[in-house]
Amino acid sequence: MAEQRRPGANPPPFESPEFETDSGRAVTPREVPTYPPGNVLSAPPRPRVPPGQAPAAPGGPARPPSAPSAPERRPIGPSPFLERRAPSSPSPEARRVIANLPTEQLPPVPGELRRPAPQVPSMDLAAVPLEKRTAPPVPTMDLPSVIVDQRRTAPPVPTSELPPVPVEPRRPTSGAPVPERRMTGTMRRAAVGEGGGVAGSAAFWPAQPRTLADTGLTATMVEELVLKAIFFAGEMRGMDIANRLKLPSAIIDEVVEGLRRQKYIDIRGGGGSGVGKSTMIYQLTTFATDVLRQILDRNRYNGPAPVSLQEWIEVVKKQTVRSNRITRQRMEDKFGDLIIRDYIFDGIGPAMNSGRAIFFYGPPGNGKTAICQGMVNCFDGEIFIPHAILIDDFVVRIFDSILHKPIEDDESTQPYDRRWVRCRRPLVVVGGELTLEMLDLVYSPEVKYYEAPFQMKATNGMLLIDDFGRQKVSPKELLNRWIVPLESDVDMLTLHTGKKVQVPFDVFAAFSTNLEPSDLVDDAFLRRVRYKLEVQPPDEDLFHQIFEVMCRKRGVAYDADMVQYLIDTHYKPMGRRFAACQPRDLLDQVIDMAHYRGMAPQLDQDLIDSAVRSYFVRFDKEQQR
């Protein structure tokens with residue numbers, strides 16, 4: 001019959017094996033029942049009997065030991081005891097009535113139904129871990145509801161039903177870098193707050209890649225770069241390969257180990273001090289001959305690992321030249337000793353804030369190029385320029401050591417991806433040598449990789465087209481080439497395969513000419529170049545100021561009387577116009593002639609007359625004709 005409970009009593013931890021539904025299931029040691037004290041339906045524990053001795057009958061003498069017999073096997077299937085007891089089992093209504101009776105009114109249990117409880121090994125419950133004290137689940141039956149434990153935990157809620165938890169970025173403390181955001185591929189980058197957070201005020205700080213997937217390159221691309229580096233050098237150490245490719249040593253070691261398993265490279269020995277793979281010297285094996293020939297036929301680029309085109313495009317947007325805010329005070333500080341009139345400041349300031357193109361015109365020698373050099377210094381922050389980018393498995397080299405000025409790192413500089421070069425915003429100046437072919441990707445059949453055009457190298461900086469109208473190509477054709485980039489901020493480049501590639505045109509373009517603008521440009525060009533500024537020649541007072549500044553920079557004593565002698569003798573009688581470059585040029589010639597004569601450089605009539613005869617001789621001959 002089912003076990004009965006009295007109100008308030010603790011339920012037994014489990015049912016006896018004989019009362020389980022699956023009667024053929026064997027009892028395991030963990031399922032040995034433990035009856036709590038005070039349960040009136042539980043039989044007293046059976047005393048331990050030594051092996052070979054029969055248990056004593058209740059209230060009678062001990063039986064003599066019987067001969068050992070084979071262990072009793074319980075038959076599989078319904079218990080005969082349950083079958084015999086089934087007819088006399090009370091009905092469910094009777095069980096509920098008995099369960100509600102007090103302990104004193106419970107009916108006595110017949111002796112034949114009292115079966116001894118199995119022997120329970122003694123143990124200390126305090127020493128048993130909590131997770132092992134859990135009793136087996138009680139079979140479902142008609143029993144009154146009993147609270148087992150007031151500390152019952154709620155059932156686990158499926159993950160899909162949990163409410164979304166908002167993720168808010170932790171604000172860094174002042175001067176601390178922003179925690180990096182884990183992203184897929186090479187776009188894992190540490191964003192820096194605007195105006196600071198890292199050395200300089202870079203708006204983008206490339207995080208150092210930790211795995212090959214972070215570089216955005218395939219394993220085949222890096223393996224080819226490693227093989228070419230060893231081929232052109234003959235043999236290389238592991239650290240030299242990492243320095244050539246600008247990748248961490250951990251990534252290079254992984255790639256080199258893969259090449260060793262493929263029998264393409266082998267270790268020649270160790271070189272230098274230190275231990276590890278970085279000091280090992282690697283060389284190519286004969287198995288790499290055919291593979292390397294195929295690699296060199298396709299691409300002979302040997303340099304830092306490139307970055308992907310998509311990553312470069314996103315970085316250009318972060319470092320845009322169109323997000324600056326230039327003030328008059330900042331411009332005066334950045335132009336240094338350059339004498340600039342107020343109308344020039346008022347003209348170039350709004351143009352720099354817009355980031356759009358500007359058109360300079362006026363007579364030659366009045367500082368149009370010098371003004372552009374001062375303008376690029378007014379732009380905020382530093383930028384990162386990649387050594388090369390990857391377009392459809394073709395390498396395009398962007399970094400130019402002549403045009404780009406790297407910034408030296410110090411001890412406080414945080415680690416970053418060395419495939420990028422931290423530079424100042426570039427100023428790229430092209431003049432009469434410019435052709436239409438130079439404005440597209442330049443492919444070299446010998447090395448089989450591309451060189452970026454001038455406007456691509458000037459990205460996030462300034463591009464000055466000097467001496468506009470004096471190029472080999474006609475001004476109309478050149479202007480037609482610039483109309484689309486100036487209007488849509490994108491440029492279309494062509495690969496040697498004929499495929500068109502769209503790249504950003506984030507450049508502050510400046511056109512400078514000393515020719516008549518009406519002969520060069522049309523209304524379509526003037527509409528796209530929103531700012532036009534005439535750079536006028538200096539007057540007499542400004543000529544004195546420029547001469548004084550040049551004397552201070554050259555270390556020559558300034559003499560206003562000698563400068564006035566120059567103006568009254570060689571300018572006014574001849575009707576010459578002043579030019580901003582003339583004080584510098586004339587003073588340099590005075591210094592050269594003084595050194596030739598073995599005297600200290602100074603402003604005197606003899607040296608000034610000699611400098612004028614040498615400097616203006618061509619103009620004097622034209623006037624005599």
Side-chain angles (χ1 to χ4, degrees), residues 186 208-212 214-308 385-390 393-402 404 406 408-409 415-422 442-452:
T186 188
Q208 190 174 15
R210 300 176 182 176
T211 62
L212 184 61
D214 293 339
T215 64
L217 303 175
T218 62
T220 303
M221 170 63 68
V222 181
E223 288 176 352
E224 292 181 358
L225 292 173
V226 171
L227 291 176
K228 286 185 289 185
I230 299 177
F231 171 76
F232 285 110
E235 58 183 26
M236 294 185 72
R237 294 183 300 173
M239 63 179 64
D240 296 332
I241 299 175
N243 187 46
R244 174 68 63 85
L245 272 61
K246 305 299 181 183
L247 292 175
S249 298
I251 299 178
I252 296 299
D253 292 344
E254 179 183 353
V255 174
V256 167
E257 188 62 28
L259 293 173
R260 284 189 59 198
R261 289 194 296 266
Q262 301 177 58
K263 307 298 183 182
Y264 290 148
I265 64 175
D266 198 3
I267 298 177
R268 192 184 67 84
S273 60
V275 294
K277 298 180 181 179
S278 298
T279 59
M280 296 296 180
I281 299 178
Y282 299 96
Q283 61 183 6
L284 299 178
T285 64
T286 56
F287 293 98
T289 303
D290 295 336
V291 175
L292 191 60
R293 184 183 297 110
Q294 298 176 7
I295 294 174
L296 295 178
D297 288 342
R298 185 172 63 256
N299 183 2
R300 296 194 177 189
Y301 173 77
N302 180 30
V307 300
S308 65
I385 299 175
H387 283 279
I389 64 174
L390 197 63
D393 293 333
F394 294 106
V395 177
V396 180
R397 194 172 66 175
I398 294 182
F399 177 76
D400 193 326
S401 58
I402 299 177
H404 301 127
E408 296 293 334
D409 297 331
Y416 61 90
D417 191 348
R418 294 295 171 175
R419 296 179 297 166
W420 300 81
V421 185
R422 190 162 62 107
V442 182
Y443 181 74
S444 175
E446 291 78 16
V447 296
K448 295 179 173 58
Y449 64 86
Y450 291 93
E451 190 75 21

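Given the structure is predicted, the values throughout are model-derived calculations rather than measurements.
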Measuring from Leu292:CG to Ile295:CD1, what's the distance to the nearest 0.5 Å?
-> 5.5 Å
Side-chain heavy atoms of Val395 within contact of Leu390, under 4.5 Å = yes
With sequence neighbours left out, write down each residue that passes salt bridge (Lys or Arg N to Asp or Glu O under 4.0 Å) with Asp297, or none if nothing qualifies.
-> none
Could you check Tyr282 against Ile267 for side chain to side chain contact (heavy atoms under 4.5 Å, CB included), going step by step and ending with a plain yes or no?
-> CA-CA 5 Å; Tyr282 299 96; Ile267 298 177; 3.7 Å; yes
Between Pro248 and Gln208, is any pair of side-chain heavy atoms under 4.5 Å apart?
-> yes
Which residues satisfy the side-chain hydrogen bond (donor to acceptor under 3.5 Å, both in side chains) test with Glu451, sequence neighbours excluded?
-> Arg397, Lys457
Is a side-chain donor or acceptor of Arg260 paired with a backbone partner of Ile265 at a separation under 3.5 angstrom?
-> no
Side chain to side chain contact (heavy atoms under 4.5 Å, CB included) against Asp266, all qualifying residues, sequence neighbours excluded | Thr285
Rounding to 0.5 Å, atoms CG (Asp393) and OG1 (Thr218) come to a distance of 7.5 Å
Within a strict 4.5 Å, meaning less than it, do heavy atoms of the Val226 and Met236 side chains meet?
-> no
With sequence neighbours left out, the residues meeting side chain to side chain contact (heavy atoms under 4.5 Å, CB included) with Arg300 are Leu296
With sequence neighbours left out, write down each residue that passes side-chain hydrogen bond (donor to acceptor under 3.5 Å, both in side chains) with Arg298, or none if nothing qualifies.
-> Glu224
Between atom CG of Leu225 and atom CD1 of Ile241, what is the distance when rounded to the nearest 0.5 Å?
-> 11.0 Å
Residues two or more places apart in sequence or in another chain: which of them pass salt bridge (Lys or Arg N to Asp or Glu O under 4.0 Å) with Glu223?
-> none
Salt bridge (Lys or Arg N to Asp or Glu O under 4.0 Å) partners of Glu235, counting only residues at least two apart = Arg268
Straight-line distance of Tyr264 OH to Thr286 OG1, nearest 0.5 Å | 11.5 Å
Quick one: list whatever passes side chain to side chain contact (heavy atoms under 4.5 Å, CB included) with Ser401, sequence neighbours left out.
-> Phe399
Residues passing the salt bridge (Lys or Arg N to Asp or Glu O under 4.0 Å) test with Arg293, sequence neighbours excluded, are Asp290
Value rounded to 0.5 Å, distance of CG in Asp400 from CD1 in Ile398 = 11.0 Å
Any side-chain heavy atom of Lys448 within less than 4.5 Å of one from Tyr443?
-> yes
When every non-hydrogen atom of Gly238 is compared with those of Ile252, the smallest separation belongs to O-CG2, 4.2 Å
Working for side chain to side chain contact (heavy atoms under 4.5 Å, CB included), residues Val291 and Gln262 = CA-CA 11 Å; Val291 175; Gln262 301 177 58; over 6 Å; no
For residues 239-250, the side-chain hydrogen bond (donor to acceptor under 3.5 Å, both in side chains) pairs (sequence neighbours left out) are Arg237-Asp240, Arg244-Asn302
Measure the spacing between CG of Leu245 and CD1 of Ile251 and express it to the nearest 0.5 Å.
-> 10.5 Å
All side chain to side chain contact (heavy atoms under 4.5 Å, CB included) counterparts of Val447, not counting sequence neighbours = Ser444, Tyr449
Can you sort out the partners of Phe287 under ring-ring contact (aromatic ring centres under 6.0 Å, His included), two or more places apart, ordered by chain and number?
-> none
